[in-house]
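Everything on this sheet refers to the single structure shown next.
Lettering follows sequence order; numbering is per chain, from 1.
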Protein chains: 2
Amino acid sequence: MVGRSARLASLAVLRIGTLNVNGIRAADRRGLRQWLAEHDPDVLTLQEVRAEPDLIPEGVFDGYHLSCDAGSLKGRNGVAVLSKAKPLDVRTSMGAKEFAAEGRWIEVDLPELTVASLYLPKGASPDDAERIEAYHRKMRYLPALARHLTKARRAAAKAGREFLVTGDFNIAHTENDLKNPKTNRRSPGFLAEEREWFSQILGPRTLTDVVRALHPDQAGPYSWWSWRGQAWTNDAGWRIDYQLASRALADAAVTGGTYRDPSYEARISDHAPVVVDYRV
Amino acid sequence: MVGRSARLASLAVLRIGTLNVNGIRAADRRGLRQWLAEHDPDVLTLQEVRAEPDLIPEGVFDGYHLSCDAGSLKGRNGVAVLSKAKPLDVRTSMGAKEFAAEGRWIEVDLPELTVASLYLPKGASPDDAERIEAYHRKMRYLPALARHLTKARRAAAKAGREFLVTGDFNIAHTENDLKNPKTNRRSPGFLAEEREWFSQILGPRTLTDVVRALHPDQAGPYSWWSWRGQAWTNDAGWRIDYQLASRALADAAVTGGTYRDPSYEARISDHAPVVVDYRV
DNA sequence: CTTATAAGG
DNA sequence: CCTTTTAAG
């Protein structure tokens, strides 16, 4: 991933990024502002904003329109879409009443694109008796989301827009999507039922995992590393942040990957931004 | 206040310090360990340890006996006495049942000295309707403490020991004991009733404010500065941490004051150590 | 403004 | 291990 200055100005490229900020206030302290200035995406979707809009530090999002669903749980969840273009419409429901007002879904209509920011529940292991309800909640979220993705994609097509869902799915799809697949078979985020669900929402006529399509056979690029232990240093990461695009948009992707600064100091969050350039 | 290395080894001097650490774990991160190594007190009393003994970072108190009363409220209060000499007896009650198990009082018998560490409730302004109970609690604490001080001092005398009570009294005694007396007449810690109580526990035959006796007319030396605003930079402090000594011990004090490192970086806590050298 | 806590990740 | 909250200072 290179800075925008490296692109030829004459190429019309739409740069879209997604980032779980793990608290917008913490991410600002850790340099999100500088990252934004340097990489200058046209759209940046955020997850885990963890603040009402009026608690977002002054000036972080200068130059962008901010669409935000903070949800009703103080200091938790919260999704947003930053866009240089002015949104034509903003919707925050993904259909299921149980998950309304959780700050996990926002979709924004831009002139030729509907873009969504998703923060899917992390869930839990089915083996963890104490947290079994978190497992079941995620299992209820998945089919509800699948239904809404189909609906939203079709609605966008009908309106003549491409459709892009971005964000933190809290699921690594294949063995290439995490450093240690063997030891994580029973871990939330790499359960068979989660991976099957993920396979099911993808397809040539539905949604394409853009970064994987650009890098079909490599391990990663990971987008999340636990804060604990040496996960970052050892690149013991997971690819759980995605851009899933409708056909024509996916085909327009020219470069894409995870922005992982080599210096620990530049770590904005436990997630790294996933950025794709689309030639439009 | 100079490092121990500056003293002649042939002078028999007992160095006693008191410090509200505002969390022993934070104070360790901020350099308490180095301060201890450099200043090498024979006794250091602590307040606001805010941790059970087994949560105290490994090795901070190497070379000292640790006597501790963490109290029953997790992460709150907690007093301790570090001593190079082995304690002969340790007591943690100051008589009032209401304030037992709060982690606000510990007294330790050393061979010729009983030394106590006190963390007196901060209280509140009588004008603050929401916190009026905190005001009343402090008002109940004061007479109970006064009674116990008399008792403990007499018991020490009977056992042939000097008596020293150290710690955070959360009261500035006179106008010389805080930077802004005019604007703090209604502030907890400088209320008339608190200051009168303080006057009443002092006396030539009872207890002497050692640092004030060494520096009778100066403003300060302050021992606490709010974290907020520019209090530290402007030296807008309060002298609320004391060493109150029985007659002979007070007369043995040779130097004493507040250790305030000029560099902000060296600030161990919102309080500074109050250190006195006693020629014994 | 800082320290703890608790729950959540 | 980090971020939030809440309470306390």
>> So, using ring-ring contact (aromatic ring centres under 6.0 Å, His included) as the criterion, who are the partners of Tyr222(B) when residues are at least two apart?
In response: none
> Of all residues at least two apart in sequence or in a different chain, which pass the salt bridge (Lys or Arg N to Asp or Glu O under 4.0 Å) check with Arg104(B)?
Replying inline: Glu102(B)
>> The criterion is ring-ring contact (aromatic ring centres under 6.0 Å, His included); which residues satisfy it with Tyr119(A), sequence neighbours excluded?
In response: none
>> Dot-bracket, 5' to 3', for DNA chain C please: Watson-Crick or G-U pairs under 3.5 Å, [ ] where pairs cross earlier ones, | where the partner sits on another strand, dots elsewhere.
In response: ||||.||||
> Please, which pairs that meet side-chain hydrogen bond (donor to acceptor under 3.5 Å, both in side chains) have at least one residue in residues 225-234 of chain B, sequence neighbours excluded?
Replying inline: Trp225(B)-Asp235(B)
> Where does the chain A footprint on DNA chain C start and end, counting 5' to 3' with a 4.0 Å heavy-atom cut-off?
Replying inline: dG8(C) to dG9(C)
For a quick test of your reading: what N or O donor-acceptor pairs under 3.5 Å do the side chains of residues 51-60 of chain A make, sequence neighbours left out?
none

> Which nucleotide of DNA chain D is the first, and which the last, in the 5' to 3' direction, to come under 4.0 Å of a heavy atom belonging to chain B?
Replying inline: dA8(D) to dG9(D)
> Touch check for Arg76(B), heavy atoms < 4.0 angstrom, all strands: base, sugar-phosphate only, or nothing?
Replying inline: sugar-phosphate
> Got a sec, which residues hit ring-ring contact (aromatic ring centres under 6.0 Å, His included) with Phe169(A), two or more places apart in sequence or on another chain?
Replying inline: Phe198(A), Tyr242(A)
> Is there a donor-acceptor pair closer than 3.5 Å between any side-chain N or O of Arg267(B) and the backbone N or O of Ala272(B)?
Replying inline: no
>> Restricting to ring-ring contact (aromatic ring centres under 6.0 Å, His included), what partner residues turn up for Phe99(A), sequence neighbours left out?
In response: Tyr141(A)
> For DNA chain D, what residues of residues 18-34 of chain A have any heavy atom nearer than 4.0 Å?
Replying inline: Asn22(A), Gly23(A), Arg25(A), Ala26(A), Arg29(A), Arg30(A)
>> Taking Arg33(A) first and then Asp62(A), would you say they form a salt bridge - that is, a charged N and a carboxylate O separated by under 4.0 Å?
In response: no
> Does a side-chain heavy-atom distance below 4.5 Å link Leu164(B) with Gln243(B)?
Replying inline: yes
>> For residues 184-195 of chain B, which residue pairs pass the salt bridge (charged side-chain N to carboxylate O under 4.0 Å, His left out) check, not counting sequence neighbours?
In response: Asp127(B)-Arg186(B), Lys138(B)-Glu194(B), Glu175(B)-Arg185(B)
> Is a side-chain N or O of Asn20(B) found less than 3.5 angstrom from the main chain of Asn22(B), in a donor-acceptor match?
Replying inline: yes
